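Note sheet for the following structure.
Read the numbers this way: they start at 1 and go in the same order the structure lists the ligands and their atoms. The model shown is predicted, which means the values in this text are computed figures rather than measured ones.
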Amino acid sequence: MSGSGGVMDDPALVEALLRATTAAAAATLPLVGSGDGDAVDGAAVAAMRFALTDAPCDGRVVIGEGEKDEAPMLALGERFGTGEGPAIDLAVDPVDGTRLAAAGRPGAMAVASIAPRGAFCDLGPAHYLEKLVSWHPAAALDRPLSELITAIARERGVPAGAVRVAVQDRPRNAGYAAAARAAGAEVVPFEHGDVERSLRAAQRGTDLDVLVGIGGAPEGVLVSAAVRALGGAMQARPAPQSDAERRRVLDAGVDLDRVLTLDGLCSGPALCVLSAVTEVDPGGAVRLTGAARVDEGVAVESWVVASGHAMWIDRRVVTDGFAAS
Ligand SMILES: O=P(O)(O)OC[C@H]1O[C@](O)(COP(=O)(O)O)[C@@H](O)[C@@H]1O
Ligand SMILES: [Mn+2]
């Protein structure tokens, strides 16, 4: 765990975050396949909030996904932890892939990132973000997508048709898919879970080279911590999807034309932890099994990614919301 940088090197803090995401994943287990997404989110939020109470830090929630879908969430500005220790900001999505979990399908995870106070960008009330993530450093939102695809093909020594671009399957993203196809790349559509795809796109040698399109703003900010830690490239720009959202975002003083670089999204050493609700494929050799009942409690597999390319898998059994082993 050495080399992740500053307060992020603190093993007690890593453990506190792991306890929060594992507790959240374990709490959702009885609801996986239930068809009730709000109940999945609600169970994860309650478990996470409880687990964060004794985190050894002065914690503040800056991204608490859920507002967009009027789903249960950790409140923006909510404080957590003992109040002793480093000043930390938390960007959290108690379950990304809520509907996948409710349907009992793969790709749902409890995910949270922490960084020193003030390190995450403040997108105000933005719900949607235009995102571009790749392992290739040429990823830039104000350049044609075809340039990036060509650069990736050249770097990999393959034809453009072997470059794989993940695009969330939404009408708002039709233009991105068309641009990727026009450049000769293969488009890989997906229904939910742009955190999982962003993680894969950020690492060279996975099944994905790029994630592009408009998705959730909270997911974009929290995944930037992991992209940074993984050494990937990312840019983003607010992309309001209604007049009301546009007005709220502008009123909050957010510049809609400004491209956020990776440093602008997350400026400090950061830590991202994700715990599998159902099976999760964050890329590389990592494949997390979904939460499962065992004799002593619920077995949960997690992936920890810290600044400085430190990453590892954690496996533990959770009993009544507490990590037993
Ligand atoms: O479903 P929408 O409104 O298009 O929003 C896209 C966002 O929803 C998701 O697919 C699922 O997110 P949640 O499960 O947290 O609701 C995200 O991965 C993505 O960023
Ligand atoms: Mn989400």
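- For the pair T28 and A44, the tightest heavy-atom approach, listed with the atom from each and the gap, is CG2-CB, 3.8 Å.
- Separation of atoms CZ (R164) and CD1 (I152) is listed at 13.0 Å; rounding is to 0.5 Å.
- Taking a cutoff of 4.0 Å between a charged side-chain nitrogen and a carboxylate oxygen, R287 and E279 qualify as a salt bridge.
- For atom 14 (O) of ligand 1, the candidate residues are D41, T98, V40; the nearest heavy-atom contact is made by T98.
- By the side-chain contact (heavy atoms from CB on, under 4.5 Å) test, A12 is found to be paired with D10, P56, residues two or more places apart in sequence or in another chain being considered.
- Heavy-atom proximity to R170, at under 4.0 Å, picks out these atoms of ligand 1: 1 (O), 2 (P), 4 (O).
- Distances from the Mn ion (ligand 2) to the N/O/S atoms of D93 are shortest for OD2.
- Neither the backbone nor the side chain of Q241 has a heavy atom within less than 4.0 Å of ligand 1.
- Taking all atoms of both residues into account, the shortest heavy-atom contact from R258 to P238 is O-CD, 4.1 Å.
- Of the inter-residue distances, the one linking L18 atom CG with L274 atom CG reads 9.5 Å to the nearest 0.5 angstrom.
- Residue contacts with ligand 1: E191 is placed with no nitrogen or oxygen under 3.5 Å of a nitrogen or oxygen of the ligand (distance criterion only).
- The shortest non-hydrogen separation linking M48 to A110 is CE-CB, 4.3 Å.
- For H127, the closest heavy-atom approach to ligand 1 does not fall below 4.0 Å.
- Taking only nitrogen or oxygen atoms, main chain and side chain alike, G193 reaches within less than 3.5 Å of ligand 1.
- When you scan the N, O or S atoms of E219 for the one nearest the Mn ion (ligand 2), you land on OE2.
- Proximity of a side-chain donor or acceptor of E219 to a complementary backbone N or O of G215 within less than 3.5 Å is not detected.
- Applying the side-chain hydrogen bond (donor to acceptor under 3.5 Å, both in side chains) test between E191 and each of R99, R170, R105 identifies R105 as the sole match.
- Of the heavy atoms in H192, both backbone and side-chain atoms come closer than 4.0 Å to ligand 1.
- When each atom of ligand 1 is checked for a heavy atom of R99 under 4.0 Å away, the hits are 1 (O), 16 (O).
- Among D194, I214, V95, N173, the residue whose heavy atom sits closest to atom 18 (O) of ligand 1 is D194.
- Between G216 and ligand 1, an N or O atom pair is found at a separation short of 3.5 Å.
- Residue D96 counts as close to the Mn ion (ligand 2), with an N, O or S atom under 2.8 Å.
- Listed by number with element, the atoms of ligand 1 under 4.0 angstrom from any heavy atom of D93 are 15 (O).
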